[in-house]
Chemist: 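Handing you a structure now.
Throughout, protein chains are lettered first and strands after them, A, B, ... in sequence-line order, and every chain is numbered starting at 1.
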2 protein chains.
Amino acid sequence: MEYMDIKVKFIKGFADKTRLEILETIKNEEKTVQQIVDAIKGNQSNVSQHLACLKGCGIVTARQEGKFIHYRLLDEHIKSLLEMFDTVLGDVKQQVAACDKNEKCLCGRGAYKCLTKRKKISL
Amino acid sequence: MEYMDIKVKFIKGFADKTRLEILETIKNEEKTVQQIVDAIKGNQSNVSQHLACLKGCGIVTARQEGKFIHYRLLDEHIKSLLEMFDTVLGDVKQQVAACDKNEKCLCGRGAYKCLTKRKKISL
DNA sequence: CCCTCACATTAGTGATCTATAATATGACTA
DNA sequence: TAGTCATATTATAGATCACTAATGTGAGGG
């Protein structure tokens with residue numbers, strides 16, 4: 001597996017609302033699955049799947065203790081990265097939000113709704 | 001639009017191989033669309049769409065000069081973030097790659113291939 | 001052992017994203 | 001102003017992802 005593919009997979013781990021909520025929840029201390037489910041008002045199966053994803057992406061790690069399983073961030077770097085997202089978003093927030101008056105902004109048809117119409121600019 | 005949704009959209013901007021390649025290409029200096037297309041051996045339409053995406057996600061910005069359009073990273077924070085991805089991946093690489101012997105690792109059916117089978121651990 | 005709890009797994013479906021091909025648009029040039 | 005170049009846009013089909021519901025599995029307690 002190429003480096004680039006690993007990188008994409010890792011980043012995709014963060015690219016989901018539910019997963020970001022989970023990470024927010026365990027950012028400072030480990031939590032059991034049920035605690036996470038309650039915290040984000042999610043459903044057990046769904047949360048469990050996202051936790052598996054986060055684990056597979058190298059973002060969290062798990063520790064079993066009796067019948068409970070405690071999840072936490074893999075290491076401090078992950079926490080820094082989460083904080084960095086917020087920092088950078090500070091700058092960019094308006095911009096990102098603005099383009100989203102018209103829904104999504106990724107590839108495919110959605111993307112173009114974000115573009116301001118091309119203007120005549122001649123230099 | 002909620003903060004969390006903005007954050008997801010922003011991060012999704014990075015969560016694609018083609019887009020990461022584009023960013024790599026313009027990491028240190030601005031490039032025209034055609035230069036980017038050549039650099040990543042992509043196709044014009046596809047690259048153009050990804051650039052629109054990156055722009056809408058607040059990751060790059062564009063500058064027109066005659067019939068050329070030059071793209072570059074929005075600001076230094078974005079560059080730092082890109083570098084941070086690599087730093088963090090340094091730690092995590094093996095882990096992420098390992099789980100991917102069996103293909104993908106995100107939500108849905110793919111996710112579980114990553115999990116090591118539950119072992120009997122009793123404490 | 002049987003039961004329950006905490007959690008993982010699977011299957012199925014709908015939603016979202018990506019790539020390709022075709023076409024459109026603005027800018028420069030002859 | 002007709003043509004060409006650089007880039008954007010649209011449509012569409014296929015791939016990938018996320019949610020729900022149902023079921024499976026290991027751990028601990030009676």
Chemist: State which residues pass side chain to side chain contact (heavy atoms under 4.5 Å, CB included) with A:D75; sequence neighbours excluded, sorted by chain then number.
Modeler: A:H77, A:I78, B:D91
Chemist: What is the distance, rounded to the nearest whole Å, between atom CD of A:Q49 and atom C1' of D:dA22?
Modeler: 12 Å
Chemist: C:dT18 P sits how many Å from B:E21 CD, rounded?
Modeler: 13 Å
Chemist: Nearest-Å distance, CG (A:N46) to P (D:dA21)?
Modeler: 11 Å
Chemist: Tell me every residue that passes salt bridge (Lys or Arg N to Asp or Glu O under 4.0 Å) with A:K79, counting only those two or more places apart in sequence or in another chain.
Modeler: none
Chemist: If you only use heavy atoms from C-beta on, which nucleotide in C:dT20, C:dT18, D:dA27 is closest to the side chain of B:R19?
Modeler: C:dT18
Chemist: By side chain to side chain contact (heavy atoms under 4.5 Å, CB included), which residues pair with B:S80, not counting sequence neighbours?
Modeler: A:M84
Chemist: Among the candidates D:dT20, D:dT7, D:dA27, find the nucleotide nearest to the side-chain atoms of B:Q44.
Modeler: D:dT7
Chemist: Base, sugar-phosphate or nothing for B:Q34? Non-hydrogen atoms, less than 4.0 Å.
Modeler: sugar-phosphate
Chemist: Measure from NZ on B:K9 to P on D:dC17 and round the result to the nearest Å.
Modeler: 21 Å
Chemist: Tell me the interatomic distance from A:K17, atom NZ, to C:dA15, atom P, rounded to whole angstroms.
Modeler: 17 Å
Chemist: Are any of the side-chain nitrogens in A:K12 or B:D16 under 4.0 Å away from the carboxylate oxygens of its partner?
Modeler: no
Chemist: Give a yes/no answer on whether the side chain of A:Y71 brings an N or O atom under 4.0 Å of OP1 or OP2 in C:dA6.
Modeler: no
Chemist: Suppose we screen for ring-ring contact (aromatic ring centres under 6.0 Å, His included). Which residues come up paired with B:F10, at least two apart in sequence or across chains?
Modeler: B:F14
Chemist: Spell out, as yes or no, whether a donor-acceptor pair under 3.5 Å connects the side chain of B:K9 to the backbone of B:C57.
Modeler: no
Chemist: Would you tabulate the pairs of protein nitrogen or oxygen atoms and nucleotide nitrogen or oxygen atoms of nucleotides 1-5 of chain C closer than 3.5 angstrom?
Modeler:
unit_1 : atom_1 : unit_2 : atom_2 : d
C:dC5  : O4'    : A:K67  : NZ     : 3.2

Chemist: Is the distance from OP1 or OP2 of D:dC19 to the nearest side-chain N or O of A:H50 less than 4.0 Å?
Modeler: yes
Chemist: Return the value, rounded to whole Å, for the distance between atom CD of B:Q35 and atom P of D:dC5.
Modeler: 17 Å
Chemist: Please state how far atom CZ in B:R63 lies from atom P in D:dA6, giving the value in whole angstrom units.
Modeler: 16 Å
Chemist: Starting at CD1 of B:I69 and ending at P of D:dA6, how long is that distance when rounded to a whole Å?
Modeler: 12 Å
Chemist: Is B:T18 near enough to C:dA19 that one of its side-chain N or O atoms lies under 4.0 angstrom from OP1 or OP2?
Modeler: yes
Chemist: Using salt bridge (Lys or Arg N to Asp or Glu O under 4.0 Å) as the criterion, list what pairs up with A:E30, not counting sequence neighbours.
Modeler: A:R63, A:R72
